[in-house]
Amino acid sequence: MTRAHLDKQPHEVASMFDGVAANYDLTNDVLSLGQARLWRKEVARAVDARPAQKVLDLAAGTATSSLPFAATGAYVVPCDFSLGMLREGKRKHPWLPLTAGDATRLPFRDDTFDAVTISFGLRNVQDTDTALRELYRVTKPGGRVVICEFSQPVWGPFRTVYTEYLMRALPPVARAVSSNPEAYVYLAESIREWPDQPALAGLLQKAGWGRVAWRNLSGGIVALHRAFKDIEGGKDVEGGKDA
């Protein structure tokens, strides 16, 4: 079975996601105990897409995450570098303009989008700093970025239980529901190695984003970070409450 390693070689990551595309949405719902749908709703609220706005949904996979933005009347571009995911997305949602693209070399002009967002995909990019700068580049001045990513639970005892679930319970569950359970071993390992909430906020600042803030979901299992491409700059960082 194909899986990626923590050096996140692009061809390995793309191949891994190609192999899980058919059952990806179902597997996510099962492994997250239904929380994935709630997280998508919170992303939609944070992005706050409006009619006629242009929204980039990066690492969109099968484009399920793009549907809430399209429902507002915004023009949403689902973008992913897994061709298997894009084919599955096109089969399910043929009206959406699914686009192949690498997060570190986005195929869009400067200042194109009113909002850019990436859910559970930034962790899989080999060069996080370059990806954040690329998102900044394609965002209009005054525009916003919303990142939804696995993070670190804020309560110590729960963090211990969660880590045990990731490393011990998740792989057996994945074997029961996924076409490529090895991909979910990588998932657990990559979550454990990912920066916590303040560290990701710092990376956003480093990439040029201003008014950086985050909010914890599900006790910090997931964190929503939002920031703006300020016309006049500004590098404030603000933590967030649980939700």
Side-chain angles (χ1 to χ4, degrees), residues 1-4 8 10-47 49 54-104 106-108 113 115-125 131 135 145-150 170 173-188 190-191 217 222 224:
M1 287 291 185
T2 300
R3 61 155 286 176
K8 301 173 188 175
H11 68 279
E12 289 184 351
V13 176
S15 179
M16 182 185 71
F17 280 102
D18 288 348
V20 300
N23 297 319
Y24 183 71
D25 294 323
L26 173 62
T27 303
N28 284 349
D29 282 340
V30 171
L31 294 179
S32 70
L33 306 178
Q35 292 293 296
R37 298 186 183 191
L38 298 176
W39 297 334
R40 282 196 293 270
K41 289 181 180 179
E42 292 300 325
V43 171
R45 288 175 56 189
V47 171
K54 293 181 179 178
V55 177
L56 172 63
D57 186 13
L58 186 57
T62 62
T64 298
S65 60
S66 303
L67 298 179
F69 311 128
T72 68
Y75 178 76
V76 58
V77 178
C79 182
D80 202 286
F81 75 157
S82 164
L83 298 181
M85 285 286 193
L86 292 172
R87 282 192 290 266
E88 184 67 16
K90 200 65 178 178
R91 184 184 68 80
K92 292 181 176 180
H93 317 296
W95 62 92
L96 290 174
L98 286 93
T99 303
D102 184 336
T104 63
L106 291 173
F108 308 108
F113 296 97
V116 296
T117 184
I118 180 170
S119 294
F120 308 110
L122 187 61
R123 191 185 71 260
N124 299 316
V125 178
L135 286 171
V145 63
V146 173
I147 298 170
C148 183
E149 188 54 88
F150 291 109
L170 189 148
V173 173
R175 281 194 289 272
V177 298
S178 173
S179 58
N180 183 4
E182 285 298 307
Y184 290 88
V185 176
Y186 160 81
L187 170 70
S190 65
I191 292 172
L217 306 177
V222 166
L224 276 182

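Numbers here are sequence positions counted from 1.
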Q: Have a look at L58 and tell me which of L135, V145, T117, V77 forms a side-chain contact (heavy atoms from CB on, under 4.5 Å) with it.
A: L135
Q.
Are the side chains of T72 and V47 in contact, using a 4.5 Å heavy-atom criterion?
A. no
Q) Going by atom types only, do S82 and D80 share a side-chain donor-acceptor pair under 3.5 Å? A) no
Q: Taking all non-hydrogen atoms of both residues into account, name the closest pair between F81 and G101 and its distance.
A: CB-O, 3.2 Å
Q: Locate the shortest heavy-atom distance separating F113 from L56; write the atom from each residue and the value.
A: CD2-N, 3.5 Å
Q.
Please give me the minimum heavy-atom distance between L224 and C148, naming the atom from each residue.
A. CD2-CB, 3.6 Å
Q | Residue pair S119 / V43: nearest heavy atoms and the distance that separates them | A | OG-CG2, 3.8 Å
Q) CD1 of I147 to CZ of R123: how many Å apart, nearest 0.5 Å? A) 12.5 Å
(Q) Any side-chain to backbone donor/acceptor pair from D57 onto P78? Under 3.5 Å, distance only. (A) no
Q. Is a side-chain N or O of K90 found less than 3.5 angstrom from the main chain of L96, in a donor-acceptor match?
A. yes
Q. Is the closest side-chain heavy-atom distance between H93 and T64 below 4.5 Å?
A. yes
Q: Measure the spacing between CE of M85 and CG of L98 and express it to the nearest 0.5 Å.
A: 12.0 Å
Q: Taking ring pair (Phe, Tyr, Trp, His ring centres under 6.0 Å) as the test, write out the residues that go with F69, two or more places apart.
A: none
Q.
Any non-hydrogen side-chain atom of F108 less than 4.5 Å from a side-chain atom of C79?
A. yes
Q. Below 4.5 Å, heavy atoms only, C-beta onward: do S190 and F150 meet side chain to side chain?
A. no
Q.
Quick check: closest heavy atoms across L122 and A131, and the distance to 0.1 Å?
A. CD1-CB, 4.0 Å
